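Accompanying notes for the structure given below.
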Amino acid sequence: MTDATASGTPAADSDAPHKPTNFLRGIIDRDLEQGTYASRRWGGSPGDAAHHEAGQPDPAKIRTRFPPEPNGYLHVGHAKSICLNFGLARDYGGVCHMRFDDTNPEKEEQEYVDAILDAVKWLGFDWDSHFNGQPETHLYYASNYFDFMYRAAEALITAGLAYVDEQTPEEMKKNRGDFTTPGTDSPFRSRTPDENLARFREMRDGKLADGAAVLRAKIDMASPNINMRDPAIYRIKKATHHNTGDAWCIYPMYTFAHPIEDALEQITHSICTLEFEDQRPFYDWLLENLARLGLLKQPNPKQYEFARLNLTYVITSKRKLKALVDEGVVTGWDDPRMPTIVGLRRRGYTPEAIQLFCERIGVSKSDSWIDYSTLDIALRDDLENKAHRGMAVLDPVKLVLTNWDEVMGAGHLEPCALPALPHPPEGTESPVRHFKLGREAWIEREDFEEVPPKGYKRLFPGNKVRLKGGYVIECSGCTKDADGRVTEVQATVVPDTKSGTPGADSVKVKAAITWVGAADGVEAEIRLYDRLFTDPHPDAGGKDFKASLNPESVKVVKGYVEPSLAAAQPDQKFQFERFGYFVADRLDHAPGQPVFNKITGLKDSWK
């Protein structure tokens, strides 16, 4: 049996049956059973027919790929594709290639390349394989195939399957026809192969201006599929490429480059989103002809489409996300309100939660909307038994225990403790967090009402509550400023009622409130993030997505946290009791300057 690792996780037993939990797994199961790709050979790297023919039988049962364009930061929709492609390769004893579709030099930058690689690794995947103990890295760039793509273009021209068209873009659009009208042949369509070859080489050599000509496949201008009406496959673009520099002034179109990339890499299952379904006939046409001309090795890859992720309260258009960054609506691509993977990471979402979310929403051929709360549910399920608990006060008001010195001794600080994990893993004990109660503490402003509404069970004059992990106290009154705002709450401590002692139940109370001791509590900056948009479909139907920006999407407060939270490391997650899940900001949090981001509440508040 081959030993395969495609994502940092040992591959599943490749001989074990796989339950077809979605249509893609059903297709893969069928292909493996029928031996559809059993004859493939692997030359050790991407290459043409001769290269792979000289190689060994492919040890990978399947090959998938994740092929982003390096023209922006990945978002939550890409996370679904990453989990799908790398996950299938892992589960079926295969490998997933990390490939950059970098065929558009004007929009691509090394910054995006680096960010994409970092995002994939953070999600828990990698692009290495270890078949038979031999490590091999599968990080590829479409631009490294430009020589072959040019060779393939010349082969199509020589075979009479491509021609240079010098119509204006307006003329080409007009002559393309529409869904009810067949297209009209270009006046340049009847050129001989030699004429087209000479003109194409002039394009390559920079003798024609940008936009002066394109190379088109010669298929059928009357095809009912408009994508088959002689699609453009090369254009002139005198721009510096991030990888190839100025070596080329013509660049392949994505629809031409993508199937070739798949074939050179011996991809078996090319999985993409539904908007590419109409391009599949050209995908097959191109690979069949290049194989017939001897350039590519069969069996050809096959393209399969699945529904992209549509998440409520989110936009995933790179152009619109870039506008939010450029116009200063957000602080950057990693703003915790952004649906980018770097934004989700800084917000505090975990790789495990995102993988769980992608697993739960499944894979289908039909478009549908997934409510954002589904992502938060996955996050809560992941952190419930992992995130240490802690108390924090976000809207503080001072609590003074007026009889403390008399009962406990002047200046006394009473040690208190609570479990950090109420439900530790089986067979383990919960770690314990320690904090101290003295004469003064911080409590939430909403935990006191001078005149309580009906059903109110927390602090009001004459009522008793428990300070969680501490003593029962009885409220006696408050102090207000000139504007009538409460500045201090007074209470008395009830002796011998400390939590965990025999007298803890001697006084019955109807509420326990969270608090932070004034003696050992630490001031912290707490960023209360919420959804960036108030409309569940902010850009649907041509709407101005900026019109539904949520003015309350972030609120920064100064609060207090218990000492266990002050020792947090950047990116460490916690559950602030009663408030939800928070993370120590991975960039701004520092010793002596704690900064916490709210990830999500304990329950969904967007019903």
Side-chain angles (χ1 to χ4, degrees), residues 387-402 404-405 408 411-422 431-449 458-459 464-475 478-479 486-494 497-500 509 511-528 555-569 572-585 589-599 601-602:
H388 283 201
R389 276 35 170 190
M391 290 190 290
V393 177
L394 307 188
D395 185 12
V397 65
K398 181 69 68 69
L399 170 70
V400 176
L401 301 178
T402 55
W404 181 267
D405 290 350
M408 306 297 293
H412 176 73
L413 295 176
E414 180 70 15
C416 301
L418 283 172
L421 285 175
V432 177
R433 55 192 225 262
H434 299 275
F435 43 93
K436 295 178 180 180
L437 177 63
R439 182 175 183 272
E440 296 182 349
W442 298 104
I443 62 172
E444 286 295 330
R445 185 170 296 277
E446 67 176 19
D447 284 348
F448 170 78
E449 289 284 353
R458 285 165 280 177
L459 285 172
K464 295 185 180 71
V465 301
R466 176 175 295 282
L467 295 178
K468 190 167 185 180
Y471 286 84
V472 172
I473 63 172
E474 181 177 355
C475 182
C478 68
T479 301
V486 174
T487 58
E488 180 181 294
V489 175
Q490 293 93 30
T492 56
V493 62
V494 180
T497 58
K498 184 181 177 182
S499 295
V509 296
I513 63 173
T514 53
W515 57 280
V516 172
D520 62 354
V522 178
E523 188 176 39
E525 178 178 308
I526 300 171
R527 300 167 180 173
L528 304 174
K555 179 182 179 182
V556 181
V557 301
K558 291 292 185 181
Y560 293 90
V561 298
E562 66 174 64
S564 66
L565 296 173
Q569 297 300 307
Q572 189 174 356
K573 285 82 176 174
F574 297 91
Q575 185 191 112
F576 286 7
E577 296 189 34
R578 80 189 270 178
F579 291 115
Y581 292 96
F582 289 73
V583 62
D585 189 88
H589 179 87
Q593 293 181 319
V595 178
F596 292 94
N597 301 331
K598 183 178 181 180
I599 317 173
L602 295 176

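Just so it is clear, the structure is predicted and the values come from calculations on it, not from any experiment. Position 1 is the first residue of the sequence; numbering continues from there.
- One distance of note links CG of D585 with CD of E525; it measures 8.5 Å at 0.5 Å rounding.
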**Message:** Test side chain to side chain contact (heavy atoms under 4.5 Å, CB included) on T479 and Q490; report intermediate values, then the result.
**Reply:** CA-CA 8 Å; T479 301; Q490 293 93 30; 2.8 Å; yes
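- Considering every non-hydrogen atom in both A584 and A568, the closest pair reads CB-CB, 4.2 Å.
- With contacts defined as side-chain heavy-atom distances shorter than 4.5 Å, the pair V557/L528 qualifies.
- Atom CD of Q593 has 12 or fewer heavy atoms from other residues, nucleotides or ligands within 6.0 Å.
- Closest approach of F448 and C475 over heavy atoms only: CE1-SG, 3.6 Å.
- Exactly one of L459, I473, D395, V465 qualifies for a side-chain contact (heavy atoms from CB on, under 4.5 Å) with I443. That residue is L459.
- The side-chain hydrogen bond (donor to acceptor under 3.5 Å, both in side chains) check on K555 picks up nothing, with sequence neighbours excluded.
- In this structure, NE2 in H434 is found 12.0 Å from CG in D520, a value given to the nearest 0.5 Å.
- Put simply, CD on E414 and CG on L467 are 12.0 Å apart, with the number rounded to the nearest 0.5 Å.
- V486 and V489 get closest at one heavy-atom pair: CG1-CG2, 4.0 Å.
- Rounding to the nearest 0.5 Å gives a distance of 6.5 Å between OH of Y581 and CG of L602.
- Of all non-hydrogen atoms in G438 and L413, the two that sit nearest each other are CA-CD2, 3.8 Å.
- Counting only heavy atoms from C-beta outward, the side chains of H388 and S564 never approach each other to under 4.5 Å.
- In this structure, CZ in F596 is found 4.5 Å from CZ in F576, a value given to the nearest 0.5 Å.
- Electrostatic pairing of K558 and E523 does not count as a salt bridge here, judged by no charged N lying under 4.0 Å from a carboxylate O.
- Within the 4.5 Å cutoff, no side-chain heavy atoms of Q572 are placed close to those of V583.
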**Request:** Test E562 against K468 for salt bridge (Lys or Arg N to Asp or Glu O under 4.0 Å), laying out the working first.
**Result:** CA-CA 12 Å; E562 66 174 64; K468 190 167 185 180; over 6 Å; no
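- Rounding to the nearest 0.5 angstrom, the gap separating the CG atom in L394 from the CZ atom in F582 is 5.5 Å.
- Looking at heavy atoms from C-beta onward, D447 lies in side-chain contact with R578 at the 4.5 angstrom threshold.
- E444 and T514 share no side-chain donor-acceptor pair at under 3.5 Å.
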**Request:** I would like to know whether L418 and F435 meet side chain to side chain contact (heavy atoms under 4.5 Å, CB included); could you show each step before the answer?
**Result:** CA-CA 9 Å; L418 283 172; F435 43 93; 3.8 Å; yes
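- Nearest heavy-atom pair, V397 versus E488, reported as atom, atom and distance to 0.1 Å: CG2-N, 4.0 Å.
- Side-chain atoms of W515 do not come within 3.5 Å of backbone N or O of G469 as any donor-acceptor pair.
- Across P594 and H589, no two heavy atoms sit closer than the pair CA-ND1, 3.3 Å.
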**Message:** Go through it in stages, so that I can follow the logic: the residues are R433 and L565, the test is side chain to side chain contact (heavy atoms under 4.5 Å, CB included), and I'd like the CA-CA distance, side-chain angles, deciding distance and then a yes or no.
**Reply:** CA-CA 9 Å; R433 55 192 225 262; L565 296 173; over 6 Å; no
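- Using a 4.5 Å cut-off on side-chain heavy atoms (C-beta onward), T487 and K398 make no contact.
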